[in-house]
Amino acid sequence: AAGWYYKAHEAGFGPEALEHYAIALKKQEKYQEAIQVYEDLLKVSPGSALYRSNITLCKQAVEWKRNSNPAYTIQPASFNSPAADYSAYPLGRGKVLFTSDRGTNNNSDSYLWTGRSFSDLYVSDDVSNQVYPYDPVINSKENEGTAIISPDGQTLVFTRCYVDQDYNAWCKLMLSYQLGGEWSAPVPFPFVKEKVNYGHPAFAANGTTLFFSSDATEGQGGHDIYFSQAEGENGWTEPINLGTLINTIGNEQYPTVYKDTLYFSSDQLAGLGGLDIFKTYLDSKGNWVLPMNLRPPLNSGSDDFGFVVDTFAPLKQDVLMQGYFTSSRGGI
């Protein structure tokens, strides 16, 4: 896209084309080039706090790349494929539930937005060394993805994106229960509204608080993170927005929870380019602390999201935690 934005700038489409060009450069981690573009924009709008802020963020990104976080080492997951594979959720030792549009014999139609198959839930099993589609009660001809199971193992929550006649997929949070050892037919959450997107569910450790993202109009802009509480038998409270310390005019998505820590991704908070992974937690007064960027090697100029801790993994010496995250970065 960077080349086309630059062509648009040369064709006289103004500062907006240059802004998008700079964003595209950041996503390629061409931070020095992006700095030069923002400096050119400042010549046109010397008082722009946005351009000055982005110059500072690009310089910070250069420093973060030079001094990556030594606490983390990363490597590609064994179940990756040439398709889009994302949102891993550990089911047990060596067993991971994840989303993919790799396609199967039962779901070979093409999704026009991507040109690939519709997404479904899959399981990677190290014991059998196989990857296979998840429960056929859950997978359908629509797009399914980003699933989680409650701590007691009795509730499954996932995202299903429907394709209507205009080919505009509205995504809903779906709910299924364990009945006699099988998942019940999934139904939308009671608070789901039409023509609003919901997705990326995450249970808190108590199993009764559900975090998720939505682009509801009452939010701060883009996708925001909300939470809802289980109420009575199969009931849920109206969603509550997490507020402006976490949510921005950009996109906040893919929340996950580990103990007292909330992880999520944002493309607007201070980061390296696309979606970056952040963490926060509640202080002694019940307020969220300022989100902290997890920095490279977890974050990059590309989209990085879906950070999850694998509590089933046997840990090697000097390893404190092991888990998964998703990235659109190249070379993996």
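The chain is numbered in sequence order, starting from 1. Please read these numbers as outputs of a predicted model, since none were measured by experiment.
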**Fill in**
Heavy-atom nearest pair, Ala205 first then Pro151, reads O-CG, 3.7 Å

**Aromatic contact, Tyr254 with Phe305 (centres under 6.0 Å)** = yes

**Prompt:** So, for Cys58 and Tyr38, which heavy atoms are closest and what is the spacing to 0.1 Å?
**Reply:** SG-CE1, 4.3 Å

**Request:** Using a strict cut-off of less than 4.0 Å between a Lys/Arg side-chain nitrogen and an Asp/Glu carboxylate oxygen, indicate whether Glu142 and Lys172 qualify as a salt bridge.
**Result:** no

**Message:** Using 0.5 Å steps for rounding, measure from the CG atom of Leu25 to the NZ atom of Lys30.
**Reply:** 6.5 Å

**Asked** Any chance CG of Leu315 has more than 12 other-residue heavy atoms, nucleotides or ligands included, within less than 6.0 Å?
**Response** yes

**Request:** Examine Phe98 together with Phe79 and report whether their ring centres are nearer than 6.0 Å.
**Result:** yes

**Complete:** Rounded to the nearest 0.5 angstrom, the OG-CG distance for Ser265 and Leu294 is 8.5 Å

**Message:** Under 6.0 Å between ring centres: does that hold for Phe191 and Phe212?
**Reply:** yes

**Prompt:** At what distance, to the nearest 0.5 angstrom, does OH of Tyr72 lie from CG of Asn299?
**Reply:** 10.0 Å

**Prompt:** Would the Trp236 and Phe189 ring centres measure less than 6.0 Å apart?
**Reply:** yes

**Prompt:** Are any of the side-chain nitrogens in Asp126 or Lys95 under 4.0 Å away from the carboxylate oxygens of its partner?
**Reply:** no

**Fill in**
Cluster membership besides Leu179, Ile/Leu/Val/Met/Phe/Trp/Tyr side chains within less than 4.5 angstrom, sorted by chain and number, is none

**Request:** Of all the heavy-atom pairs spanning Leu210 and Leu173, show the shortest one and how long it is.
**Result:** CD2-CD1, 4.3 Å

**Between CD on residue Gln253 and CG on residue Asp303, distance to nearest 0.5 Å** = 8.5 Å

**Asked** Would you find a donor on one side and an acceptor on the other, under 3.5 Å apart, between the side chain of Ser45 and the backbone of Ser48?
**Response** no

**Message:** My understanding is that only one of Asp224, Asp215, Asp267 makes a side-chain hydrogen bond (donor to acceptor under 3.5 Å, both in side chains) with Asn251; could you say which?
**Reply:** Asp267

**Asked** Are the aromatic ring centres of Tyr5 and His20 under 6.0 angstrom apart?
**Response** yes

**Prompt:** Do the side-chain N and O atoms of Trp183 and Tyr134 include a donor-acceptor pair separated by under 3.5 angstrom?
**Reply:** yes

**Prompt:** In terms of side-chain heavy atoms, does Thr237 have a donor or acceptor partner in Glu231 at a distance below 3.5 Å?
**Reply:** no

**Message:** Checking the side chain of Arg52 only, and the main-chain atoms of Pro46 only, is there a donor and an acceptor separated by less than 3.5 Å?
**Reply:** yes

**Asked** Are His200 and Ser213 linked by a side-chain donor-acceptor pair shorter than 3.5 Å?
**Response** yes

Contacts table for residues 283-291: side-chain donor-acceptor under 3.5 angstrom, sequence neighbours left out:
unit_1: Asp283; atom_1: OD1; unit_2: Lys285; atom_2: N; d: 2.9
unit_1: Asp283; atom_1: OD1; unit_2: Gly286; atom_2: N; d: 3.0
unit_1: Asp283; atom_1: OD1; unit_2: Asn287; atom_2: N; d: 2.8

**Request:** Determine whether the side chains of Gln60 and Thr56 contain a donor N or O and an acceptor N or O closer than 3.5 Å.
**Result:** no

**Fill in**
Note: Arg329 and Pro297 closest approach over all heavy atoms is NH1-O, 2.9 Å

**Message:** Closer than 4.0 angstrom, basic N to acidic O: yes or no for Arg66 and Glu63?
**Reply:** yes

